[in-house]
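Structure first, then comments.
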Amino acid sequence: DYMVVHGRRDHAIRIPRPDLTRKIGTPNACQSCHPDRPAEWLEAAIDAQHGARQRPEHYGETLHAARAGQPGANARLVALIKDTRQPAIVRATAIESLAGPLPEAAFSDADPAVRSAAAASLGARPATERLAHLPALLADPIRAVRITAARGLADIPDAQLTADQIRLRQRGLTEFIAAQEAMADMPSAQINLAQLQLELGKPQAAATHYRRAIAQDPVSNAARLGLARQLVASRQLDAATRLLDEGIARSSQPGELH
């Protein structure tokens, strides 16, 4: 399902894998015609038709192991990230799922989707780790990678960067702002701009963007929470309470507002 809105065909023609249905619950094409048959029956039918064989591990098994917190999942993810035979979107997803250090190869991968995912994965990590990898990506030929690297370095003091890195970071942040302003009628863009202003140490500018997001989407929990934190920080407790109460009354899922 695309954005949990509607189904989309990806036009891939994959070998049916009922064994993956049995192992991790993924769908398989065989059940389109045999919906009443269990995965084990489908496996046996394939073996009877084509001969029994050892089926190779699928990347879905590695991602499933990581999401289930299985022992050894991180090592399997690292191997998946390094496997350039796999689609870039698969390796980027493995990067997003990895809890430990990323392999160096991820930051110089030939595909920008992988480099961008690698840069994004460092966003919440310690400054030393970000400084070790992100400055090199500020000059990436792909804008999405430059933007992501610049965002990850937005709160780093100038004293910890070279003059050229400061210039490239500013270019990336300017590109990021332009991209968000191009879709400024979307609450998500306003929230992105608010978060950037907070990283730059500009809380008032952040509050302005949060208010715009709330005006565009009054049931946006993320915008209300962000603005409420700003109001609490400036000791406007009554205003923060009213903001949250109003959100609780409007939202169908107000849990985090409580």
request  = Test Ser220 against every option in Leu227, Ile191, Leu225 by the side chain to side chain contact (heavy atoms under 4.5 Å, CB included) rule and name the one that passes.
outcome  = Ile191

message = Taking the basic N atoms (NZ, or NE/NH1/NH2) and the acidic carboxylate oxygens, is any pair closer than 4.0 Å for Asp164 and Arg167?
response = yes

request  = Walk me through it: do Thr93 and Val90 pass the test side chain to side chain contact (heavy atoms under 4.5 Å, CB included)?
outcome  = CA-CA 5 Å; Thr93 303; Val90 169; 5.7 Å; no

task = Considering non-hydrogen atoms only, spot the tightest contact between Gly172 and Ile147 and give its length.
result = O-CG1, 3.8 Å

Minimum side-chain heavy-atom gap Thr21-Pro27 below 4.5 Å = no

query = Is there a path from Leu153 to Leu102 through hydrophobic residues (I, L, V, M, F, W, Y) whose side chains come within less than 4.5 Å of each other?
reply = yes

ask   = Would you call Met183 and Met186 a side-chain contact if the rule is heavy atoms closer than 4.5 Å?
value = yes

query = Any side-chain heavy atom of Pro18 sitting closer than 4.5 Å to one from Ile46?
reply = yes

message = How close do Gln190 and Ala213 get, counting heavy atoms only, and between which atoms?
response = CB-CB, 3.8 Å

Verdict with reasoning, Asp140 to Arg146, per side chain to side chain contact (heavy atoms under 4.5 Å, CB included) = CA-CA 6 Å; Asp140 196 276; Arg146 296 195 300 270; 4.0 Å; yes

query = Do Val219 and Leu243 share a hydrophobic cluster (ILVMFWY, side-chain heavy atoms under 4.5 Å, transitive)?
reply = no

ask   = Minimum heavy-atom separation for Pro187 to Asp217, with atom names?
value = CG-CB, 3.5 Å

key: Within-4.5 Å side-chain heavy-atom neighbours: Asp158 and Arg169   = yes

inquiry  = Show every salt bridge (charged side-chain N to carboxylate O under 4.0 Å, His left out) that has at least one partner inside residues 85-104, sequence neighbours left out.
reply    = Asp83-Arg85, Arg91-Asp109

Nearest heavy-atom neighbours spanning Ser97 and Leu63 = OG-CD2, 4.2 Å

remark   = Students should find that the hydrophobic cluster of Trp41, defined by side-chain heavy atoms under 4.5 Å apart, otherwise consists of Leu42

ask   = Taking all non-hydrogen atoms of both residues, which atom of Leu244 and which atom of Ala228 are closest, and how far apart?
value = CD2-CB, 3.9 Å

ask   = Out of curiosity, His133 NE2 to Phe107 CZ, how far, rounded to the nearest 0.5 Å?
value = 4.5 Å

ask   = What's the verdict on side chain to side chain contact (heavy atoms under 4.5 Å, CB included) for His64 and Glu61, showing C-alpha distance, side-chain angles and the deciding distance?
value = CA-CA 5 Å; His64 176 77; Glu61 296 176 78; 5.6 Å; no

Summary of salt bridge (charged side-chain N to carboxylate O under 4.0 Å, His left out) pairs that have at least one residue in residues 119-136, sequence neighbours excluded = Arg125-Glu129, Arg130-Asp155

inquiry  = Quick check: do Ile142 and Ser116 have side-chain heavy atoms less than 4.5 Å from each other?
reply    = no

Tyr210 side chain near Arg229 side chain, heavy-atom distance below 4.5 Å = no

task = Determine, step by step, whether Leu173 and Leu200 satisfy the side chain to side chain contact (heavy atoms under 4.5 Å, CB included) criterion, reporting the C-alpha distance in whole Å, the side-chain angles of both residues, the deciding distance to 0.1 Å, and the verdict.
result = CA-CA 10 Å; Leu173 293 178; Leu200 297 175; 4.2 Å; yes

key: Sub-4.5 Å side-chain heavy-atom contact between Val145 and Leu138   = no

message = To check you understand the geometry: which heavy-atom pair defines the closest contact between Gln230 and Pro203, and what is its length?
response = NE2-CB, 3.1 Å

query = Is atom CZ of Arg143 surrounded by more than 12 heavy atoms (other residues, nucleotides or ligands) closer than 6.0 Å?
reply = no

Within one Ile-Leu-Val-Met-Phe-Trp-Tyr cluster: Leu122 and Phe176, side-chain cutoff 4.5 Å = no

task = Walk me through it: do Ser234 and Gln236 pass the test side chain to side chain donor-acceptor pair (under 3.5 Å)?
result = CA-CA 6 Å; Ser234 59; Gln236 300 179 63; 2.8 Å; yes

